[in-house]
Amino acid sequence: MLQVNVLRQKTEWVKERLAVKNFKQPELVDEIIALDDERKRLQAEFDATQAKINASSKQIGKLMATGNKEEAEQLKADVTNWKASLEPIKKRAAETEKKLEDTLVLLPNLPSEKVPKGVSAEDNEVVRTTEKPTLNGNVLPHWELTKKYKLIDFDLGTKITGSGFPVYTGKGAKLQRTLIQYFLDYNTAAGYKEIIPPFLVNEDSAFATGQLPDKEGQMYFVNEDKFYLIPTSEVPLTNIYRDTILKVEELPVKMTAYSPCFRREAGSYGKDVRGLNRLHQFEKVEIVQVVEADKSYAALEEMLNHVERLLQSLKLPYRILRLCGGDMSFTSALTYDFEVYSAAQERWLEVSSVSNFESYQSNRLKCRYKDESGKNQLVHTLNGSSLALPRIMAALLENNQTENGINLPEVLWKYFGDEVID
RNA sequence: GGUGAGGUGGAUGAGUGGCUGAAAUCAGUAGUUUGCUAAACUGCCGUACGGGUAACUCUGUACCGAGGGUUCGAAUCCCUCCCUCACCGCCA
């Protein structure tokens, strides 16, 4: 969440930035500042009275020790009165603080200066794009190919669980494992530390990375234990650093993890969800960085190049989008999406989203580092997919299909143990 | 799931209801001494939100797992919850 001090110091600028994200209630900024004023006023009042109470209580102790009972009793009465007068202040302070918090979490992160204006995916800016390949002959979409080569059984998944929970079989399962292995190796070679996190998280964690309260309906929830199934390993990975103060030499933190991801995707339908295009359970390899505040945009650039080279190594056609204000996530300051071209479906499929959250997450995480002057500063957090599996698999199958089988890119041969799926 | 023991600052670990935001030790850090290393000695060494200041300094409040309660006063007493450890049960 945003820092009240920033709202206070750069009020007009904050409102301009919020407008880029199509945020419709700029008046909340003023409300928050007013609530914060009220909070300060109440706290000052509370502190002053509490100080009197503390001092008098000590005094009572001394009076008792010297046997000065009468004076002690008199003071006790005073303290009791002060305490009573404290009650309404306490109550109002708690209410104000709650209201402040509740309002503050309604504000999305501020988009960086690079973010284009816009309201929907149409307005995203294409940063780079490779050429779209054209396939000749009788090309099949991946949901036909997975049937033909017995790689994935969607109906079986529906029987066991429901739609959106595919069953990978035989070489389909192996290809999936191959990709995970390759992605993890690629990430660790670039200095990302491999992690296997929990796949369920508690409410504090879901709040700290911004899934709550914004995306509550998107996550599966285990009511018995109050756990959320992770929608991405970003959540447990970033929460490793919740409530921590790092030394500057510990930065940057670079982590990678494979995990299944669970998303309810309520309201999705049609060809968007056909085959592997959108699932309730999918696999993803994620990268996360925790960095010093003034280094986060360099880190974002580095992550962008990292993911781009990975896609190039898979020989997939791709494009990079800079998301416009309206299409960005609530918590992001700048997001680049990677899309691969799916030649049989003739459409772009999102396979990675790389974002800088600046201090929006770390302010909730309370993750700070000591700078040179010994002051605690909020870190900046970033994450990206490297990469999401299902759509990569869809594009690999579709783009590389031939009459005699599917040709895998060379980087996967040693992992898969074969060059072709037939 | 059952029974028992616990949860104190970066770590270890004291703490009789007022003199404890918290002993001591270790780690860390700055300095003194020293031919180097080491050792010794000295200082510093939690976080958040406020007030005051040009700034260093100063100052108020809160926090000893979390939340309530008793009390003039709670790390210390009571209740609830969470977590850790040990043993038992169950089990990949």
Side-chain angles (χ1 to χ4, degrees), chain A residues 1-9 32-105 196 198-208 212 221-228 236 239-251 253 260 359 361-379:
Chain A
M1 76 199 146
L2 298 173
Q3 294 168 266
V4 179
N5 275 347
V6 174
L7 305 190
R8 200 181 273 287
Q9 284 156 16
I32 288 166
I33 295 171
L35 283 167
D36 193 49
D37 287 339
E38 176 72 356
R39 180 190 64 80
K40 282 190 193 178
R41 196 184 63 72
L42 289 167
Q43 198 198 323
E45 205 178 332
F46 178 91
D47 284 357
T49 310
Q50 187 61 252
K52 271 200 296 191
I53 292 173
N54 289 347
S56 301
S57 294
K58 279 187 186 173
Q59 186 63 24
I60 291 169
K62 280 180 193 148
L63 291 171
M64 301 283 265
T66 56
N68 204 333
K69 267 209 153 169
E70 251 177 62
E71 228 177 302
E73 287 305 321
Q74 180 55 47
L75 258 185
K76 273 194 197 180
D78 287 346
V79 170
T80 306
N81 283 336
W82 291 331
K83 257 191 93 175
S85 75
L86 219 46
E87 283 309 311
I89 300 172
K90 226 161 130 182
K91 200 173 154 220
R92 261 189 296 155
E95 284 164 5
T96 306
E97 215 153 310
K98 174 86 166 60
K99 184 116 192 274
L100 176 61
E101 168 97 341
D102 288 350
T103 313
L104 200 53
V105 298
I196 300 178
F199 300 152
L200 281 76
V201 296
N202 60 29
E203 195 181 334
D204 286 347
S205 293
F207 176 79
L212 293 179
F221 183 59
V222 181
N223 194 47
E224 189 82 8
D225 300 290
K226 310 288 180 217
F227 292 150
Y228 292 88
N239 270 284
I240 290 175
Y241 290 93
R242 174 151 51 85
D243 290 324
T244 55
I245 299 176
L246 294 156
K247 293 185 189 128
V248 74
E249 359 14 310
E250 295 176 87
L251 299 172
V253 171
S359 59
Q361 289 183 329
S362 60
N363 193 30
R364 288 196 191 181
L365 288 162
K366 297 198 176 60
C367 178
R368 292 147 294 171
Y369 68 99
K370 278 201 192 302
D371 66 15
E372 293 77 12
S373 65
K375 275 185 116 176
N376 290 334
Q377 304 274 359
L378 291 171
V379 298

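Being a predicted model, the structure only gives us computed values, none of them experimental. In the text below, chain A, chain B and the rest are named by the order of the sequence lines, each starting its count at 1. Note: hydrogens, waters and symmetry copies are ignored here, and every other heavy atom, side chains too, is used.
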key: Closest to the A:Gln43 side chain, choosing from B:rU47, B:rC72, B:rC49   = B:rC49
query = Which pairs count as side-chain hydrogen bond (donor to acceptor under 3.5 Å, both in side chains) when at least one residue sits in residues 96-105 of chain A, sequence neighbours excluded?
reply = A:Lys98-A:Asp102
request  = Select from A:Lys90 and A:Leu75 the residue whose nearest nucleotide in RNA chain B is closer to the 5' end of that strand.
outcome  = A:Lys90
key: Residues that A:Asn223 engages under side chain to side chain donor-acceptor pair (under 3.5 Å), provided they are two or more places apart   = A:Lys226
Nearest-angstrom distance, C1' atom, B:rU61 to B:rG6 = 31 Å
task = For A:Ile53, report the nucleic acid contact type (base, sugar-phosphate, nothing); a contact means any heavy atom under 4.0 Å.
result = nothing
query = Closer to the 5' end of RNA chain B via nearest nucleotide, is it A:Ile245 or A:Lys40?
reply = A:Ile245
inquiry  = In whole Å, I'd like the distance from the CG atom of A:Leu246 to the P atom of B:rU47.
reply    = 13 Å
message = Quick one: does any side-chain atom of A:Asn376 pair with a main-chain N or O of A:Arg368 as donor and acceptor, under 3.5 Å?
response = no
task = Taking side-chain contact (heavy atoms from CB on, under 4.5 Å) as the test, write out the residues that go with A:Lys40, two or more places apart.
result = A:Arg8, A:Asp36
request  = Taking only the side-chain nitrogens and oxygens of A:Arg41, find out if one of them lies under 4.0 Å from OP1 or OP2 of B:rG50.
outcome  = no
query = What's the CG-C1' distance between A:Asp225 and B:rG1, to the nearest Å?
reply = 13 Å
ask   = Do A:Val379 and A:Tyr241 pass the side chain to side chain contact (heavy atoms under 4.5 Å, CB included) test, and can you show the C-alpha distance, the side-chain angles, and the key distance before you say yes or no?
value = CA-CA 10 Å; A:Val379 298; A:Tyr241 290 93; over 6 Å; no
message = Output the rounded distance in Å from CG (A:Asn202) to C1' (B:rA66).
response = 13 Å
note = From CD of A:Gln50 across to P of B:rA74 the rounded distance in Å is 9 Å
query = With a 3.5 Å cut-off and no angle check, do the side chains of A:Asn54 and A:Ser57 form a donor-acceptor pair?
reply = no
Distance, P atom - from B:rG4 to B:rG18, rounded to whole angstrom = 30 Å
ask   = Are any of the side-chain heavy atoms of A:Glu250 and A:Tyr369 separated by less than 4.5 Å?
value = no
inquiry  = Say we look at B:rA14 and B:rG2: how far apart would their P atoms be, to the nearest angstrom?
reply    = 30 Å
request  = For nucleotides B:rC41 and B:rG13, find the distance between their P atoms and express it as a whole number of Å.
outcome  = 24 Å
message = I'd like the P distance from B:rC72 over to B:rA66, given in whole Å.
response = 25 Å
Sequence-distant partners of A:Asp78, side-chain contact (heavy atoms from CB on, under 4.5 Å), two or more places apart = A:Gln74, A:Leu75, A:Trp82
key: Residue-phosphate contact under 4.0 Å: A:Asn54 side-chain N/O, B:rU61 OP1/OP2   = yes
Name the pairs: protein N/O against N/O of nucleotides 18-23 of chain B, kept only if under 3.5 Å.
residue: B:rG18; atom: N2; partner: A:Ser57; partner atom: O; Å: 2.6

Residue list, side-chain contact (heavy atoms from CB on, under 4.5 Å) with A:Ala72, at least two apart or on another chain = A:Ile60, A:Leu63, A:Met64
ask   = In whole angstrom, what separates A:Arg242's CZ from B:rA48's P?
value = 17 Å
key: Separation of B:rG73 P from A:Glu73 CD (nearest whole Å)   = 13 Å
task = Could you check how far CG of A:Asn68 sits from C1' of B:rC72, rounded to whole Å?
result = 15 Å
request  = Could I get the full list of ring-ring contact (aromatic ring centres under 6.0 Å, His included) partners for A:Tyr228, not counting sequence neighbours?
outcome  = A:Phe221
remark   = Contacts of A:Asp243 meeting side chain to side chain donor-acceptor pair (under 3.5 Å) (sequence neighbours excluded), chain-then-number -> none
Atom pairs and distances, side-chain donor-acceptor, residues 46-53 of chain A, under 3.5 Å, sequence neighbours left out:
residue: A:Asp47; atom: OD2; partner: A:Gln43; partner atom: NE2; Å: 3.2
residue: A:Thr49; atom: OG1; partner: A:Glu45; partner atom: O; Å: 3.1

ask   = Base, sugar-phosphate alone, or nothing: which one does A:Arg368 contact when heavy atoms must sit under 4.0 Å apart?
value = sugar-phosphate
message = Under 4.0 Å, counting only non-hydrogen atoms across every strand here, what does A:Lys226 touch: a base, just sugar-phosphate, or nothing?
response = nothing
request  = Select one nucleotide: of B:rC72, B:rU61, B:rU47, the one nearest the side-chain heavy atoms of A:Lys83.
outcome  = B:rC72
note = Sequence neighbours excluded, the answer for side-chain contact (heavy atoms from CB on, under 4.5 Å) partners of A:Leu2 is A:Leu7, A:Leu107, A:Asn109, A:Leu110, A:Tyr360
Atom pairs under 3.5 Å: protein N/O with N/O of nucleotides 75-82 of chain B:
none

remark   = Winner on side-chain proximity to A:Ala44, out of B:rG50, B:rG60, B:rA62, is B:rG50
request  = Go through the steps for A:Glu38 and A:Arg41 under the test salt bridge (charged side-chain N to carboxylate O under 4.0 Å, His left out), then give the verdict.
outcome  = CA-CA 5 Å; A:Glu38 176 72 356; A:Arg41 196 184 63 72; 3.3 Å; yes
task = Give RNA chain B the dot-bracket treatment, 5' to 3': Watson-Crick (N1-N3 with N6-O4 or O6-N4) or G-U (N1-O2, O6-N3) under 3.5 Å, [ ] crossing, | other strand.
result = ((((((((.[[[..)..(.....]]].(((((.......))))).((((((......)))))).[[[[[..)....]]]]])))))))....
inquiry  = For the C1' atoms, the ones on B:rC19 and on B:rU34, what distance do you get once it is rounded to whole angstrom?
reply    = 42 Å
ask   = Does A:Asn376 place a side-chain N or O at less than 4.0 Å from the phosphate oxygens OP1/OP2 of B:rA48?
value = yes
request  = Calculate the interatomic distance between A:Lys247 atom NZ and B:rA11 atom C1'; express it in whole Å.
outcome  = 12 Å
inquiry  = When the C1' atoms of B:rG9 and B:rG1 are compared, how many Å lie between them, rounded to an integer?
reply    = 36 Å
task = Sticking with atom P, work out how far B:rA48 lies from B:rA30, rounded to a whole angstrom.
result = 22 Å
